[in-house]
Each structure stands twice: as structure tokens, then as C-alpha cells.
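The structure under discussion appears below in the form of C-alpha cells.
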There are 2 protein chains.
Amino acid sequence: MTSQQDLFDTLAQVARALGNGHRLALLERLAQSSAAVETLATATDLSIGNASQHLQQLRRAGLVTASRSGKQMIYRLTDERIITLLALLRQVAETNLAEMERLVSQLFAEDDASEALEAVSSRELLAALERGEVALLDVRPADEYQAGHLPEAINIPLEQLEAMLDDLPRDKEIVAYCRGPYCALSHEAVQRLRQLGYRVRRFEEGYPEWKAAGLPVM
Amino acid sequence: MTSQQDLFDTLAQVARALGNGHRLALLERLAQSSAAVETLATATDLSIGNASQHLQQLRRAGLVTASRSGKQMIYRLTDERIITLLALLRQVAETNLAEMERLVSQLFAEDDASEALEAVSSRELLAALERGEVALLDVRPADEYQAGHLPEAINIPLEQLEAMLDDLPRDKEIVAYCRGPYCALSHEAVQRLRQLGYRVRRFEEGYPEWKAAGLPVM
DNA sequence: TATTCGTTCAATGAAACAATTGAATGATGG
DNA sequence: CCATCATTCAATTGTTTCATTGAACGAATA
């Protein structure tokens with residue numbers, strides 16, 4: 001016979017797997033696409049061994065699965081809902097922890113608060129896309145764009161922004177997006193494009209959240 | 001200047017607060033209603049001191065707030081979304097951890113699988129209520145019912161089930177609910193009422209989830 | 001003012017976790 | 001089949017967490 005407490009304890013094991021900054025960073029990277037250990041270690045600035053151990057904790061908690069492909073071990077999220085879970089955790093934290101708000105505003109150095117206020121929500125974006133009012137700009141590296149992106153999005157990795165301006169329409173408003181709300185790429189892109197006179201705003205989420213919400217991707 | 005990693009670390013602190021079975025039990029109790037430390041300690045089978053410490057960890061993580069009322073310290077959830085967060089965590093765990101499934105089925109001792117299969121979802125329940133097809137039965141203790149319940153629900157605490165059968169309509173199907181998916185009260189009620197010949201099913205969630213979903217409560 | 005009650009604080013020891021190191025495994029390519 | 005590469009395992013150290021104890025605090029009551 002089991003007690004309710006055993007269930008809570010097991011549930012707590014899953015939550016504890018989320019209770020480490022490095023593991024959250026790994027999950028965020030995995031939300032973009034599945035990847036090998038070395039890729040993940042590089043992306044999160046961990047040693048290979050350390051990344052491997054953290055990944056195995058995530059695996060024990062049922063949050064990721066691993067499969068061998070030749071020499072490499074490919075990790076992936078077990079469930080799209082994990083992205084939603086992380087997004088909800090973020091929302092709860094931002095609402096209830098003053099510390100979070102401070103860190104977020106520092107990360108984006110918002111002396112210019114206008115940019116944050118003007119971020120486009122999923123709902124707004126979806127409506128604007130249907131009316132053909134905006135052009136979508138994906139500023140992530142090309143390989144992440146390849147692994148999946150929003151429909152109709154143009155890919156210009158941030159490093160090549162100025163070099164590839166010809167791909168951008170001048171007559172429409174542009175909405176830039178990247179990996180998620182804590183990813184600085186689209187922030188940077190908006191600032192640089194505005195200086196060049198473009199009408200551009202930032203999508204307040206990212207590719208993973210869009211996909212996890214069940215919205216169409218390519 | 002802040003790095004993205006600082007944000008993940010702060011987020012991880014919140015997740016870590018969820019990473020303990022006792023704290024999850026405390027949150028589950030708080031999802032019913034706000035309560036004093038002693039009440040919470042009793043409900044979760046913790047010593048007062050221990051409960052107090054766990055509550056303060058939850059407070060540091062921004063998940064609960066405390067306010068003094070006379071001699072007592074009343075704790076409450078800071079945010080309805082925490083209930084949604086817990087529900088999502090539960091779903092992810094149940095889907096991806098075999099261990100969870102095993103524990104859940106053990107908890108409810110489902111030799112009779114029919115009952116589980118026939119659990120009523122929120123959507124179904126809402127529709128059935130609108131059409132006046134079902135009667136709602138709240139089998140939680142009277143004080144929890146007082147603190148809030150589903151609209152039109154009849155309260156018969158489980159201990160008084162047989163004594164108060166007159167309150168139940170015989171012509172409608174009955175849907176019983178309690179504290180949440182891991183609460184055994186409604187399970188027990190369904191079994192006992194079925195033996196008495198009632199047509200009765202179990203609501204697959206509980207009062208807190210209903211409320212957190214923004215559905216009407218009384 | 002002294003007392004009581006509910007709660008919190010501080011200190012302790014036991015257990016779990018994080019990062020590092022170096023050895024071991026499993027698949028590939030010469 | 002030997003060498004190589006990607007990853008995992010095992011052992012170690014320092015850090016954090018958990019539960020318990022007893023003292024301290026703050027609000028109510030006598």
C-alpha cells in the first residue's frame with residue numbers, strides 16, 4: 001500500500017531535477033532542438049562530464065530521453081509540456097519574486113523601457129500574421145532555424161544582421177524573435193534595426209513556447 | 001550586469017522550493033484555503049518547527065505569504081497559478097515516470113479499473129452542469145467546503161456519507177469531488193455510493209484546480 | 001506584569017548534492 | 001583489431017539541505 005506522501009515525494013524528485021540553474025539551462029537548450037552531450041555542454045558552458053551527470057539526473061526525472069546515434073548520445077525533451085512548465089515557473093517567479101524582476105531588467109539593460117512595453121504577445125502576433133500585417137524575423141543561428149521555426153519567418157542570424165538587410169521588407173512592421181524570453185538575441189536585433197530606421201518590435205516569447213502552445217511551426 | 005545564468009539560478013531556487021514532498025503537501029493543503037502553521041503541520045503530519053521552516057522556504061521562494069492574525073501566523077498561496085504549476089508538474093511526471101503511474105494506481109487500489117476510466121474531466125463536468133444533468137457532491141470536511149466550493153455542490157463530509165443520504169437526489173447522476181487528483185475522499189465516496197446503488201462518478205480534478213482554471217466558485 | 005500560547009530562530013548531526021578527476025565503456029574508422 | 005572519439009562511471013571533496021532540539025519572541029489573557 002502506498003501513501004499520498006510517496007506520491008508527493010516522487011513528484012518532488014521531478015521538481016528537484018528542475019532545481020538547478022545548469023539543468024534549467026540545459027532544458028532551455030533542449031527546448032530548441034535535441035542535441036548531443038558535447039553540444040549541450042558547450043551551449044551551457046559546462047564541462048562534458050558535468051553536463052553528462054546533469055543530463056542523467058534529468059533523465060532519471062523523466063524530463064529527457066537519450067538515444068545513441070553512432071558515437072554520439074542524443075538527448076531530447078520527453079514532452080513538449082516541459083516547455084510550458086518552465087514558462088509557468090518563470091511567470092510565477094517573475095510575479096512573486098522581486099529579485100527576478102531586477103535580474104530581468106538588468107539582463108536587458110532597459111534604460112529604454114519602451115522596448116519592453118512594446119513586446120508582442122502570442123495572441124497579438126498570431127492575429128497580425130493572419131492579417132499579413134507583419135514580417136517575422138528569426139535571429140537565431142541558422143542550424144536552430146533549420147531545426148524548426150515560425151511559419152513564414154525569415155532567418156537572419158544576428159551576426160549577419162547588417163549584411164543581410166536586403167532580405168527584410170521595408171514596408172511592413174517587423175517582429176523579431178529568438179530562443180525565448182531570456183534570450184538576448186532579439187533584443188539586440190530590435191535595438192540595431194531601430195537605429196537603422198526600421199519599425200520593429202520584439203516577440204515576448206520564443207520559438208519553443210510557440211511550438212509548445214500547439215501553434216503551427218515549419 | 002547580469003548573465004542569463006543568474007536568472008536560471010534564481011528560477012532554480014523557486015523550483016528547488018517545490019523539490020520536497022513535505023513542501024508539496026503543504027502547498028496542496030494551502031490550495032484548499034489559507035491556514036495557520038499548526039493547522040498545516042497537522043494536515044501534513046509534520047512537527048510544528050519543521051513545518052514552520054518549510055513554510056519559510058516557500059516564502060523565500062515567493063510561493064506563499066504570511067500575515068499575523070492575533071497569535072497565529074496565517075499562510076496563503078501568493079498566486080493561483082501555483083496550483084496550475086503543480087497540476088502541470090503532476091501531468092508531466094505521470095506521463096514520463098513509470099514510478100508515478102505505479103504509485104497512483106496503488107494509492108487508489110484499482111482492482112476495479114472502471115472507476116478510473118470513468119472519471120469526469122473539467123470540460124465534461126462543466127457541460128453536464130450547464131445542462132442540469134448531474135448533481136455535484138463535495139465530500140471534503142465542512143470547513144473546507146465553507147472556505148469555497150463548486151457552484152451548486154452539496155456538502156456531505158465522507159464520515160457522514162451514509163447518515164446524510166437524504167440530501168442526495170436519486171434521479172440524477174452524481175459527480176463527487178474532493179481536494180484534488182491525489183485525494184482519496186471522492187474515490188472512497190464513489191465506491192460506497194455505488195454499493196448503495198447510486199449512479200455516481202468521480203471528478204478527475206479537485207476544488208483547487210477548478211478554481212485556478214478560472215471557473216466559477218462559491 | 002506575569003503567564004500562556006503559537007510561532008520562529010539558532011545550533012547540531014546526518015544525508016544528499018555538485019564539481020572534478022581519472023578510469024572504463026561502446027561505436028567507429030584505419 | 002587497434003586507435004580514437006564521445007560519453008559514462010566511480011571515487012573524492014566541499015557545500016547544501018533536512019530534521020530535531022531547546023531557547024527566544026510577540027500577541028493575547030489573567
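Just so it is clear, the values below take in all heavy atoms, side chains as well, and ignore hydrogens, waters and symmetry mates. Lettering follows sequence order; numbering is per chain, from 1.
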Task: Atom pair distance, as rounded to whole Å: CD in B:Glu38 and P in C:dT8 - done: 12 Å

Open item on the list: Please tell me if A:Tyr75 has a side-chain N or O lying less than 4.0 Å from either OP1 or OP2 of D:dT8.
Closed with: yes

TODO: Specify the separation, in whole Å, of atom CD of A:Gln72 and atom P of D:dT8.
DONE: 11 Å

Open item on the list: Under the rule for side-chain contact (heavy atoms from CB on, under 4.5 Å), what residues qualify as partners of A:Asn155, not counting sequence neighbours?
Closed with: A:Asp138, A:Ala142, A:Tyr145, A:Pro157

Side-chain donor-acceptor contacts of residues 63-72 of chain A below 3.5 Å, not counting sequence neighbours, with atom names and distances?
{"from": "A:Arg68", "atom 1": "NH1", "to": "A:Gly70", "atom 2": "O", "distance (Å)": "3.4"}
{"from": "A:Arg68", "atom 1": "NH1", "to": "A:Lys71", "atom 2": "O", "distance (Å)": "3.4"}

- [ ] Return the set of residues passing side-chain contact (heavy atoms from CB on, under 4.5 Å) with B:Glu94 (not counting sequence neighbours), or none when no residue passes.
- [x] B:Arg90, B:Met100, B:Val104, B:Tyr182

Open item on the list: Using 30° and 60° as the class boundaries, would you call the ring planes of B:His54 and B:His22 parallel, tilted or perpendicular?
Closed with: tilted

Open item on the list: I need the B:Asn20 CG to B:Gln57 CD distance, nearest 0.5 Å.
Closed with: 7.5 Å

Task: Whole-Å gap separating C1' (C:dT7) and CG (B:Leu58) - done: 16 Å

TODO: Rounded to the nearest angstrom, tell me the gap between atom CG in A:Leu55 and atom P in D:dA6.
DONE: 16 Å

- [ ] Measure the shortest side-chain to side-chain distance between A:Ile154 and A:Ile174 over non-hydrogen atoms and say whether it is less than 4.5 angstrom.
- [x] no

Tabulate protein N/O versus nucleotide N/O from nucleotides 19-21 of chain C, keeping only pairs under 3.5 Å, one per line.
{"from": "C:dA19", "atom 1": "OP1", "to": "A:His22", "atom 2": "NE2", "distance (Å)": "3.2"}
{"from": "C:dA19", "atom 1": "OP2", "to": "A:His54", "atom 2": "NE2", "distance (Å)": "2.6"}
{"from": "C:dT20", "atom 1": "O4", "to": "A:Gln53", "atom 2": "NE2", "distance (Å)": "2.8"}

- [ ] Answer yes if the side chains of B:Gln91 and B:Thr95 hold a donor-acceptor pair under 3.5 Å, and no otherwise.
- [x] no

- [ ] Compare the minimum distances between each of C:dA18, C:dC17, D:dT8 and the side chain of A:Ile48, then state the nucleotide with the smallest one.
- [x] D:dT8

Task: Phosphate-side-chain proximity, B:Gln57 and D:dC18, N/O vs OP1/OP2 below 4.0 Å - done: yes

- [ ] To the nearest Å, give me how far apart CG (A:Leu24) and P (C:dA18) are.
- [x] 12 Å

Task: Residues, nucleotides or ligands: over 12 heavy atoms within 6.0 Å of B:Glu101 CD - done: no

TODO: Using a 4.0 Å heavy-atom cut-off across all strands, classify B:Arg23 as base, sugar-phosphate, or nothing.
DONE: sugar-phosphate

What nitrogen or oxygen pairs link the protein and nucleotides 27-30 of chain D at under 3.5 Å?
none

Open item on the list: Please report the distance, rounded to the nearest Å, between CZ in A:Arg16 and P in D:dT16.
Closed with: 17 Å

With a 3.5 Å cut-off and sequence neighbours excluded, list the donor-acceptor pairs that the side chains of residues 209-218 of chain B form with protein atoms.
{"from": "B:Glu209", "atom 1": "OE1", "to": "B:Gly206", "atom 2": "N", "distance (Å)": "3.1"}
{"from": "B:Trp210", "atom 1": "NE1", "to": "B:Pro216", "atom 2": "O", "distance (Å)": "2.8"}

Open item on the list: What is the distance, to the nearest angstrom, from the CD atom on A:Gln56 to the P atom on C:dT25?
Closed with: 15 Å

Open item on the list: When you measure from the side-chain N and O atoms of B:Ser52 to the phosphate of C:dT8, is any distance below 4.0 Å, counting only OP1 and OP2?
Closed with: yes

Task: For atom CG of A:Leu26 and atom C1' of C:dA18, their distance in whole Å - done: 14 Å

